[in-house]
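Computation of the quantities below employed the complete heavy-atom set of this structure, encompassing side-chain atoms and omitting hydrogens, waters and symmetry-equivalent molecules.
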Amino acid sequence: MSPKPSFKQRLQYFFDNYMSRGTTALIGGLAVVSLLLIIVAGFVIAVGGHLLAPEGSNPPGFLEAAWLSLMRTLDAGTMGGDAGWGFRLVMLGVTIGGILIVSTLIGVLTSGVEGKLDELRKGRSQVLESGHTLILGWSPQVFTILSELNIANENVKKACVVILADRDKVEMEDELRSRLEVSGNTRIICRSGSPVDLADLEIGSPHTAKSIIILPPEDDDPDTTVIKIVLAITNNPQRRPEPYHIVTQINEERNMDVIRMIGGRDKVQSVLMGDLIACVTAQTSRQSGLSVVYTELLNFGGDEIYFTQEPSLVGRTYGESLHAYEDSTVMGIQKKDGSARLNPPMDAIIDPEDALFAISADDDTLVVSRHDNISLDEQAFASTEIDHVAHAEKCLLLGWNRHAATIIRELDNYVAKGSRILVVADPSVTEEVRDIERTIRQCSGRLANQKVEFREGDTTDRLLLEDVKAADYDHVIVLSYAGLDAQRADARTLVTILHLRDIALRDETPFSIVSEMLDLRNRQLAEVANVDDFIVSDHLISLMMAQLSENPALFAVFGDIFDPEGSEIYLKPIGQYVQTGRPVNFHTLLEAARRRGETAIGYRLSAENGVAERSYGIHINPKKSEMVSFESHDKLIVV
């Protein structure tokens, strides 16, 4: 049996426990000691004042003595005018005690302030915001998303974006300052914590956020982390009664059903990244400029898609609504259940519960025009429709990543039977490319219209590109290698497209070149190669996520646009619609497309193809009455 602790041990144990309570407890203890010292000194002076006070002076009372003790505790120089040795000795003791207490208090306060600053530096304090956008996780996508949200909130008096990630708060703030220019009324707050931890999740105040964006981590299994975060939000014991609006991205299609299941009570909108990038790449490889069209529709810098209910158009047809707006371009109808019908039949009747969605500069510019007379140039319409005869195509795919197999399957939906695709990649570049031949064999079994071949080789080797006769192909797609960092992967891509452009210049047969870039900043370097189009995969996904976080109704619209079985955007020769070399307004182009069951949303001028400041010739939502003269190589952008 162990001996009972002594009084000294108990006292020491109590003192240790008290000291461990932190700065507030220490300050309280010092205040108590100071008060006791002052009371004792005041009592001694008040009781023995006739003995301590100098001759001829009246001894002070208790309150006056306590006040004198307090002054000497705070300021040692106050006792300089004391008289009487007894009184001086008492005040000396009080002063020495005061010096010890005050110096200790200063140390405690300094330590407490430093601790608080260190805590703030760690970013562990809870955010007390409401109506904010909460971003969970950190990746290069955060810069594009924040930039877009900053533009979207330019007209908002008070906007706030909170970032909660498992990173150092100061490091996040330094990166944001170096790569992002935030202006206007948008405040960005960074906090450190794991989004999958329920306690850390509360730091970002998810229950008061208007929308939550989940960024997947850059690891081998990002979908698992995303699912955990969604679970932590939707099944939180402190969750709010109202549905959460969550936007995220998923890499594997098999995980989409899991997201739908756990987000049944809420509005969880997940973008299937692989299918989206594959769809955009496959379509863009066959139509130069399409990725620019998508970028124009997805970013907040120009015109965006807005929804409106217009009573004056109820009972009229969709085809009639196309000419109703001078500064906006109608794209489709949103039904009462929230579904979107992009380019519905021209005779579809607009019901009272329906909303039109259109491309416009802002939601307040989506106003019906008062012009009743529409100026159409009937003489400018193309006399006959040009029949497009499908023929077998040859495609060269250089490089390999996780989107490659999906791109091949997507291309199979667009090419004619008998088409061929050659894949050239170097399996030794990264581990992720080692199983490329097995993946191609699995992919080939699902194809109906094209045959896939594989050749091992370095895609940056000029001799190899000439040996495979790159100039003989209709389309060339250059993909970034998986497993390399963005700068190394883009460097290889740049070398490859420079060789390809030089080969194209030496050959009389033109072929399109579409390249994937990982870092948007490298696109400017690549423009010297005059590539037909670029796909910046993370950039497009980030733009879409930012749009969805601000307007969840766009999810159905984007789903239709990027669904291979839904409505799609095409850039068609302008000569199929109107006569070239003759000035026409966009009303005429709208009508020419309407008569074919298509919705025109803009045009591309070939003379501006290489001008970045003019969006590479892409003009989305032009004014209806503006006159333009087109050349034979110009395109009409239609749905």
Next item on the list: Apply side-chain contact (heavy atoms from CB on, under 4.5 Å) to E171 and D174, showing your working.
Entry: CA-CA 5 Å; E171 290 181 2; D174 289 343; 5.7 Å; no
Can you confirm whether more than 12 heavy atoms, excluding those of [X], are under 6.0 Å from its [atom1] atom?
X	atom1	value
K228	NZ	no
E453	CD	yes
K267	NZ	no
K451	NZ	no
R409	CZ	yes

Shortest non-hydrogen contact from [X] to [Y]?
X	Y	result
A425	W400	CB-CB, 4.1 Å
T284	S291	OG1-N, 3.7 Å
V293	I637	CG2-CD1, 3.8 Å
L164	S192	CD1-C, 3.9 Å
D223	N251	OD1-N, 2.9 Å
T459	V424	CG2-O, 3.3 Å

So, the side chain of [X] versus the backbone of [Y]: is there a donor-acceptor pair under 3.5 Å, distance only?
X	Y	answer
T248	I214	yes
Y481	D426	yes
R240	P243	yes

Taking the side chain as C-beta and beyond, is there a heavy-atom pair between [X] and [Y] under 4.5 Å?
X	Y	value
M544	H539	no
I212	I233	yes
L554	E304	no
I213	I145	yes
L342	I561	yes
I618	T295	no
L465	L398	yes
Y473	L422	yes

Quick check for you: to the nearest 0.5 Å, what is the distance between [X] atom [atom1] and [Y] atom [atom2]?
X	Y	atom1	atom2	value
N401	I407	CG	CD1	6.5 Å
C190	E173	SG	CD	5.0 Å
I262	I227	CD1	CD1	6.0 Å
S549	I246	OG	CD1	13.0 Å
L543	Q547	CG	CD	7.5 Å
H132	L149	NE2	CG	12.5 Å

Next item on the list: Step by step, work out the salt bridge (Lys or Arg N to Asp or Glu O under 4.0 Å) result for E129 and K210.
Entry: CA-CA 10 Å; E129 298 286 343; K210 70 172 182 179; over 6 Å; no
Margin query: Determine whether Q283 and E410 satisfy the following criterion, side-chain contact (heavy atoms from CB on, under 4.5 Å), listing intermediate values before the conclusion.
Written below: CA-CA 8 Å; Q283 292 184 27; E410 285 291 330; 5.9 Å; no
Note to self: Test side-chain contact (heavy atoms from CB on, under 4.5 Å) on R492 and D458; report intermediate values, then the result.
What the structure shows: CA-CA 10 Å; R492 294 182 65 92; D458 184 2; 2.9 Å; yes
Next item on the list: Dump the intermediate steps for side-chain hydrogen bond (donor to acceptor under 3.5 Å, both in side chains) on Q141 and Q249, then the final yes or no.
Entry: CA-CA 11 Å; Q141 292 178 267; Q249 65 187 62; 2.9 Å; yes
Partner of [X] by side chain to side chain contact (heavy atoms under 4.5 Å, CB included), out of [options]:
X	options	value
L411	N449, L447, I477	I477
V161	I135, V142, L134	I135
I250	V258, N255, V271	N255

Next item on the list: Determine, step by step, whether Q287 and Y414 satisfy the side-chain hydrogen bond (donor to acceptor under 3.5 Å, both in side chains) criterion, reporting the C-alpha distance in whole Å, the side-chain angles of both residues, the deciding distance to 0.1 Å, and the verdict.
Entry: CA-CA 11 Å; Q287 323 182 64; Y414 299 100; over 6 Å; no
Item checked: Among K417, R420, R286, salt bridge (charged side-chain N to carboxylate O under 4.0 Å, His left out) partner for E393 -> R286
Next item on the list: Could you walk me through whether R179 and E175 pass salt bridge (Lys or Arg N to Asp or Glu O under 4.0 Å), step by step?
Entry: CA-CA 6 Å; R179 295 188 55 179; E175 284 194 52; 5.2 Å; no
Next item on the list: Enumerate the residue pairs fulfilling ring-ring contact (aromatic ring centres under 6.0 Å, His included) with a member in residues 254-292, sequence neighbours excluded, ordered by first and then second residue.
Entry: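 For residues 254-292: none.
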Checklist line | Trace of the side-chain contact (heavy atoms from CB on, under 4.5 Å) decision for F562 with L272 | finding: CA-CA 10 Å; F562 296 108; L272 188 57; over 6 Å; no
Notebook entry, point to check: Under the side-chain hydrogen bond (donor to acceptor under 3.5 Å, both in side chains) criterion, do H403 and E516 qualify, and how do the steps go?
Noted result: CA-CA 11 Å; H403 305 310; E516 179 189 29; 4.7 Å; no
Mind listing the side-chain donor-acceptor pairs of residues 198-207 below 3.5 Å, one per line with the distance, residues two or more places apart or on another chain?
residue : atom : partner : partner atom : Å
D200    : OD1  : R124    : NH1          : 3.4
D200    : OD1  : R124    : NH2          : 2.8
D200    : OD2  : S194    : N            : 3.0
E202    : OE1  : H207    : NE2          : 3.3
E202    : OE2  : H207    : NE2          : 2.9
E202    : OE2  : N236    : ND2          : 3.2
S205    : OG   : V127    : O            : 2.2
H207    : ND1  : Y244    : OH           : 2.6

Next item on the list: Give the intermediate values and the outcome of salt bridge (Lys or Arg N to Asp or Glu O under 4.0 Å) for residues K335 and D354.
Entry: CA-CA 5 Å; K335 304 305 290 184; D354 292 345; 2.9 Å; yes
Checklist line | Audit row: T224, D221, side-chain hydrogen bond (donor to acceptor under 3.5 Å, both in side chains) steps and yes/no | finding: CA-CA 6 Å; T224 300; D221 192 13; 2.4 Å; yes
Checklist line | Output field: ring centroids W138/F143 closer than 6.0 Å | finding: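 Ring centres of F143 and W138 closer than 6.0 Å.
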